[in-house]
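Worth knowing before you read on, the calculation uses all heavy atoms, side chains too, and leaves out hydrogens, waters and symmetry mates. In the text below, chain A, chain B and the rest are named by the order of the sequence lines, each starting its count at 1. Keep in mind that what you see is a predicted model, and the values were worked out from it rather than measured.
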Amino acid sequence: MKSSLPEKKWAGLRQRLGDWYRSARRNLPWRRTTDPYAITVSEFMLQQTQVVTVIPYYERWLKQFPTWDALAGAKEGAVIKAWEGLGYYRRARSLQALAKTVVEQGGELPRSEEGLLALPGIGPYTAAAVGSIALGLPLAVLDGNVMRVLTRVLAMNDDIARAPTRAKLQRIANAFLDKDDPSTHNQAVMELGATVCLPRNPMCLICPLKSGCIGKTRAEEFPVKSRTATEKRIETVAVLRHGSRYYCEQVPAGKPWHGLWRFPDFDPARMQKGEPIAKIRYSITKYAVIMEAVEAKWKRRAPVSSSVRYLTPVEMQELAFAAPHRKLIKFL
DNA sequence: AAGCCGGGGAC
DNA sequence: GTCCCAGGCTT
């Protein structure tokens with residue numbers, strides 16, 4: 001296992017990667033702008049989320065919230081609704097908190113890694129991505145794509161779930177970085193990971209780095225990563241209808257989907273079970289969930305509070321629902 | 001260091 | 001159906 005390569009080898013790979021990227025790069029919406037706000041929006045959305053999923057959200061978001069100011073002044077409900085279905089909703093709140101901070105600080109992002117890292121929702125990856133792409137800072141990104149490319153090039157067996165491995169890979173990414181054009185270089189490594197150096201069935205034969213790649217004959221062995229086992233879970237949610245309205249609740253803080261709307265869990269102590277309506281599968285963190293939706297009636301009076309309401313179809317359209325519950329609406 | 005937070009695409 | 005993916009924050 002190699003821990004790195006001499007600068008001469010990195011220089012050759014860097015050059016081939018850049019040449020490849022200039023001819024093969026995808027024409028993505030956030031590659032047509034130099035607006036730091038728009039680039040920041042794209043990087044928040046791209047955390048844990050694939051390009052094809054992000055594109056329509058990005059386009060709508062920039063129309064609805066075109067500037068830091070617009071986002072800072074928006075209602076939180078509108079922000080969450082615009083994020084509906086994208087997942088990891090904390091990103092949306094962090095992005096709005098970031099917008100408020102930027103506006104307070106004069107409307108511009110800080111031009112240093114340290115300054116970026118101090119902002120809400122910005123960790124090592126986003127600081128390097130926004131810093132290099134929007135501000136031209138010489139910071140090497142280390143995301144899943146980059147880790148996959150680098151562990152394969154070096155045939156590195158270290159477990160990428162471990163912090164020391166991340167630190168080692170960060171040093172290697174720093175050595176690989178093109179300090180003259182960090183923006184293009186970072187995007188090129190990630191583009192390679194997303195389109196050629198794929199998790200499964202990598203296209204090593206057409207890879208611009210194949211001449212220097214130590215792991216290319218057994219690319220699918222990399223990266224090595226330990227993972228926690230998933231658990232199966234079955235849950236039942238209740239569809240309580242009143243005329244054309246449905247009983248829904250807004251998830252409180254501290255629970256998954258907090259702030260979004262959903263159908264309530266079926267509670268046998270308070271509800272009478274009726275006919276089954278649908279089975280919807282979804283996964284959340286380490287759980288693989290089968291969600292069974294059933295018709296139900298209250299045994300006693302329905303509980304009332306500010307976070308539960310009988311919603312009309314129009315209201316259900318306007319409010320942000322957790323994705324599996326949004327799917328359930330289609331069955332009603 | 002480990003656990004929490006979603007959703008979709010590939011096979 | 002099953003597996004895979006992975007950045008930031010909290011504890």
Side-chain angles (χ1 to χ4, degrees), chain A residues 40-57 80 83-98 113 116-131 139-151 159-167 169-170 173 186 190 193-195 197-203 219-235 251-262 279-291 320-328:
Chain A
T40 304
V41 170
S42 74
E43 289 302 340
F44 269 68
M45 290 185 171
L46 287 164
Q47 293 169 8
Q48 269 82 12
T49 310
Q50 295 188 352
V51 163
V52 291
T53 306
V54 165
I55 289 173
Y57 284 92
I80 297 300
W83 203 272
E84 183 190 22
L86 209 44
Y88 291 106
Y89 296 92
R90 173 158 50 192
R91 291 182 296 172
R93 292 194 175 83
S94 296
L95 185 53
Q96 189 179 29
L98 172 59
E113 181 177 30
L116 291 168
L117 286 172
L119 298 171
I122 298 190
Y125 166 75
T126 310
V130 171
L139 304 170
V141 297
L142 186 66
D143 75 340
N145 289 309
V146 179
M147 289 195 284
R148 190 166 57 253
V149 170
L150 294 179
T151 54
D159 180 358
I160 64 164
R162 299 184 61 247
T165 307
R166 305 286 179 103
L169 284 167
Q170 183 68 61
N186 280 332
M190 293 190 283
T195 63
C197 195
L198 301 169
R200 279 169 292 186
N201 303 322
M203 303 184 219
E220 292 197 62
E221 294 177 20
F222 309 103
V224 174
K225 182 175 185 184
S226 60
R227 61 185 80 249
T228 53
T230 62
E231 292 177 27
K232 293 184 196 306
R233 181 190 276 184
I234 294 173
E235 57 186 40
V251 179
K255 291 189 170 184
W257 300 318
H258 106 75
L260 279 75
W261 289 79
R262 55 161 294 174
K279 266 188 192 174
I280 294 168
R281 286 166 218 282
Y282 68 94
S283 62
I284 178 165
T285 69
K286 63 174 189 167
Y287 299 102
V289 183
I290 298 175
M291 181 178 94
F321 270 71
H325 293 258
R326 171 65 66 196
K327 284 178 188 151
L328 171 55

* To do: Report the distance from atom CG of A:L95 to atom P of B:dC5, rounded to the nearest whole Å.
  => 21 Å
* To do: Using the P atom as the reference point in each nucleotide, state the distance between B:dG6 and C:dT2 in Å, no decimals.
  => 24 Å
* Where do A:L117 and A:P124 come nearest, in terms of heavy atoms and distance? -> CD2-N, 3.6 Å
* A:E231 vs A:R233, side chain to side chain contact (heavy atoms under 4.5 Å, CB included): CA-CA, chis, key distance, verdict -> CA-CA 6 Å; A:E231 292 177 27; A:R233 181 190 276 184; over 6 Å; no
* Separation between the P atoms of B:dG8 and C:dC9, rounded to whole Å -> 23 Å
* Structure fact -> For A:T165 and A:D159 the tightest heavy-atom approach is OG1-O, 2.8 Å
* Looking only at atom types and distance, does a side-chain atom of A:Y88 sit under 3.5 Å from a main-chain N or O of A:M45, one as donor and one as acceptor? -> no
* **A:R281 side chain to A:V289 backbone, donor-acceptor under 3.5 Å** => no
* In whole Å, what separates the P atom of C:dC3 from that of B:dC5? -> 22 Å
* Contact class for A:K286 (heavy atom, under 4.0 Å): base, sugar-phosphate, or nothing? -> sugar-phosphate
* Would you classify A:L198 as touching base, sugar-phosphate or nothing, given that sugar-phosphate means primed atoms plus P, OP1 and OP2, and contacts are heavy atoms under 4.0 Å? => nothing
* Base, sugar-phosphate, or nothing for A:R93, non-hydrogen atoms under 4.0 angstrom? -> nothing
* Structure fact -> Between A:R281 and A:P223, the residue closer to the 5' end of DNA chain C by nearest nucleotide is A:R281
* Rounded to whole angstrom, note down the C1' distance from B:dG9 over to C:dG8. => 23 Å
* **Within-4.5 Å side-chain heavy-atom neighbours: A:M291 and A:P324** => yes
* Asked: Going 5' to 3' along nucleotides 6-11 of chain B, which nucleotides have protein heavy atoms under 4.0 Å from the base (write B), which only from the sugar-phosphate (write S), and which from neither (write -)?
  -> BBBB-S
* **Flag, side chain of A:R262 to backbone of A:A322, donor-acceptor distance under 3.5 Å** => no
* **Those residues of residues 159-167 of chain A lying under 4.0 Å from DNA chain C by at least one heavy atom** => none
* A:T49 (side chain) donor-acceptor with A:L46 (main chain) under 3.5 angstrom -> no
* Taking the side chain as every heavy atom from C-beta outward, state whether A:W83 and A:R91 have any pair of such atoms under 4.5 Å apart. => yes
* Hey, are the side chains of A:Y89 and A:H258 touching, using non-hydrogen atoms and a 4.5 Å cut-off? -> no
* Asked: First and last nucleotide of DNA chain C in contact with chain A, 5' to 3', at under 4.0 Å to a heavy atom: what are they?
  -> C:dG1 to C:dT10
* Evaluation steps, side chain to side chain contact (heavy atoms under 4.5 Å, CB included), between A:L95 and A:T40 -> CA-CA 9 Å; A:L95 185 53; A:T40 304; 4.3 Å; yes
